[in-house]
Amino acid sequence: MLDIQFIRDNPSLVKDAIQKKQTGSSDLVDTILELDTSWRKAVTAHQELKTDSNAAAKQIGFLMKSGQQETAQALIQQNADMKTRLATLEDESRTLQVELENLLLEVPNVPHASVPLGRTEEDNEVVYEWGEKPVFNFTPLPHWELIEEHGLVDFDRGAKVSGAGFPFYRGLGARLQRSLIQFFLDSAARRDYTEIQPPLVINEDSARGTGQLPDKEDLMYEAKRDGLYLIPTAEVPVTNLHRDEIIAEEELPIRYCAYTPCFRREAGSHGKTVRGLNRLHQFDKVELVQFVHPDASYEALESLREDAEALLVALGLPYRRLLMSTGDMGFTQAKKYDLEVWSPGQQQWLEVSSISNFESFQARRMNIRYRPAAGGKPVVLHTLNGSGLALPRIVAALLEHYQQADGSISIPQALQPWTGFQTIGP
RNA sequence: GGAGGGGUGGCAGAGCGGUUGAAUGCACCGGUCUUGAAAACCGGCAUACCUUCGCGGGUAUCGAGGGUUCGAAUCCCUCCCCCUCCGCCA
């Protein structure tokens, strides 16, 4: 969420952000400012009365101790109505505060100046493209046919055992995916990310911290009985790792990588875009997360992006980088890139990474601050994250990209040290 | 899951109904002393919010929430977490 002080100082900027992000009416800002004024009035009134009552209590204590019971009793009588008046004022200010906080959660992050204005995904800008789309002297198959042919993933039995979108990977399919995970993690380690194995379930506070709650509860599987959610991405537990902490400035930047399965309900997804490995309820992902000094977050965004792109380059998979427009970038991000890999068997781009700078938006919700080395008050830091990378679509693109005329699939050289095999098939 | 013990500032650890945001020690920062350092001594050292042009003033916070009371870190209730023992278990 945004700092209330920032909204007080820059109401038109915030209104503008709401319009650009298409998250609702910018009247919200006026409502918030009015509420803020009445809240502050109520707080002041309550605190002033509380000052009086504290003074009276102190006085009574003093009288009691010095044996002046009667004077003390008189004072108690005199302030008999204090309690109810206090309770009324407290209720009032608390109600206003809760109302205000709820509205603050509805205000989206302000997009960075470099983000293109847009309404839909059509308005995202392709800012970079790498690699050549492969040319085949045969018709390339989509990955689900290659998978079927080589017995790499079993969708039907997954559907029997768990449901659609919960496949079994088997044999070389399982080994290929595991090798990719290992490759991604090892690459991250070389780039100074500390590996984390986080919990795969999170409590409500954590879901709120990264912005899954309120509003996006439909995204997550819920273990109602225990008040827990299955993680939709490692971003949630890993970013919450430092919730409610004050970090020494010298420790920044903090960089974490984590491999986890991710669980998403994906309610309402159907059709050919969800065929095969394109969209699953459970999928693997290596996530990169950074906690950085506010002055360094845009630099960090570019380096995080490079960390992800280096993986695609190493695998030799053609990809493009999209700079997301204001209308398509999401509620919590200030700036976001998507990386899409080319799927020759489907003749379409597949999103395999999403790389975002949240500035202080998440960190303020989570109350993550750093203590300036020069001394002074703690300052809210900046958080970023990006996939490095999401597995199933990489597997899909890799199978399709490296399929051979004889039906076999070759493994890119860079990956072979991890797989231990050079081909799948024939 | 059962029984018991406990959660206090960066850490350790007092306080167990009144003037306590909280003794003391350690750590940290500044100063005195010293050629320099150590030691010793002196001083400082939580967070959030409200208010003020500013100095400052105020409110809240002793795991979380609620209650009793003129007054709660201290008493009561609920929940969370940690430790010990028992049970179960990869």
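Just the heavy atoms: all of them, side chains too, but no hydrogens, waters or symmetry mates, feed the values below. All chains are named by letter (A, B, ...) in the order of the sequence lines, taking the proteins before the strands, and each is independently numbered beginning at 1.
Not a single donor-acceptor pair under 3.5 Å links the side chain of A:Glu340 to the backbone N or O of A:Leu322. Without hydrogens or angle criteria, A:Thr37 side chain to A:Leu33 main chain gives a donor-acceptor distance under 3.5 Å. Between the side chain of A:Thr326 and the backbone N or O of A:Lys21, no donor-acceptor pair lies under 3.5 Å. A donor-acceptor pair is defined here as one N or O able to donate and one able to accept, closer than 3.5 Å; such a pair exists between the side chain of A:Asp154 and the backbone of A:Arg157.
Distance, A:Asp226 CG to B:C81 P: 11 Å, rounded to whole Å. For A:Ile60 and B:C70, the CD1 to C1' distance is 4 Å, given to the nearest whole Å. For the pair A:Met1 CE and B:A48 C1', the computed distance is 12 Å after rounding to whole Å. The distance from atom CG of A:Asn203 to atom C1' of B:C81 is 12 Å, rounded to the nearest whole Å. We find that CG of A:Leu63 is positioned 17 Å from C1' of B:U69, with the value rounded to whole Å. Atom C1' of nucleotide B:C81 and atom CG of A:Asp205 are separated by 13 Å, given to the nearest angstrom. In this structure, A:Lys65 places its NZ atom 6 Å from P of B:G18, rounding to the nearest Å. Atom-to-atom, CD1 of A:Ile246 to C1' of B:A48 comes out at 10 Å; the value is rounded to the nearest Å.
A donor atom on one side chain and an acceptor atom on the other are found under 3.5 Å apart for A:Asp186 and A:Trp418. Side-chain contact annotation: A:Asn109 with A:Thr332, donor-acceptor N/O pair under 3.5 Å absent.
Taking atom P in both B:G1 and B:U19, one finds a spacing of 41 Å when rounded to whole Å. With P as the reference atom, B:G65 and B:G9 are 15 Å apart, rounded to whole Å. Comparing B:A64 with B:U8, their P atoms are spaced 10 Å from each other, to the whole Å. When the P atom is used for both B:U61 and B:A22, the distance is 14 Å, rounded to whole Å. Atom P of B:G43 sits at a distance of 15 Å from the matching atom of B:A23, rounded to the whole Å. Comparing the same atom, P, in B:U47 and in B:C33 gives a spacing of 31 Å after rounding to whole Å. Spacing of C1' atoms, B:C75 relative to B:U68, comes out at 8 Å, to the nearest Å. Annotation: B:C70 and B:C83 have their C1' atoms spaced 39 Å apart (nearest Å).
Shown here, B:C62 forms no base pair; nothing in the strands shown gives a Watson-Crick or G-U wobble contact with both key distances under 3.5 Å. Pair check for B:A73 finds none; no Watson-Crick or G-U wobble contact set falls under 3.5 Å. When both distances must be under 3.5 Å, the Watson-Crick or G-U wobble mate of B:U68 does not exist. The partner of B:A90 is absent, by the rule that a Watson-Crick or G-U pair needs both atom distances under 3.5 Å. Nucleotide B:C28 has B:G44 as its partner under the Watson-Crick or G-U criteria, with both atom distances under 3.5 Å. If you check B:C85 for Watson-Crick or wobble pairing at under 3.5 angstrom, you find it paired to B:G2.
Each of A:Ser354, A:Ser353, A:Ser356 was evaluated against A:Asp338; a single residue qualifies, A:Ser354, per the side chain to side chain donor-acceptor pair (under 3.5 Å) test.
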(message) Does the protein touch nucleotides 49-61 of chain B at the base, only the backbone, or not at all? Give it as B, S and - per nucleotide, heavy atoms under 4.0 Å.
(response) SBS------BBS-
(message) Determine whether A:Leu277 and A:Tyr169 satisfy the following criterion, side-chain contact (heavy atoms from CB on, under 4.5 Å), listing intermediate values before the conclusion.
(response) CA-CA 11 Å; A:Leu277 294 173; A:Tyr169 295 78; 3.6 Å; yes
(request) With ring pair (Phe, Tyr, Trp, His ring centres under 6.0 Å) as the test, would you mind laying out the steps for A:His382 and A:Phe291 before giving the verdict? (result) CA-CA 6 Å; A:His382 283 194; A:Phe291 301 83; over 10 Å; no
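Residues A:Arg94 and A:Phe62 both approach RNA chain B. Their nearest nucleotides, taken by heavy-atom distance, put A:Phe62 toward the 5′ side.
Phosphate contact (OP1/OP2 of B:G10, side-chain N/O of A:Arg371, threshold under 4.0 Å): absent.
For the atom pair A:Arg175 CZ and A:Thr419 OG1, the distance stands at 7.5 Å (nearest 0.5 Å).
If you check residues 79-93 of chain A against RNA chain B, the residues with a heavy atom closer than 4.0 Å are A:Lys83, listed by number.
Annotation for A:Gln22: atom CD counts as buried by contact number, over 12 foreign heavy atoms lying within 6.0 Å.
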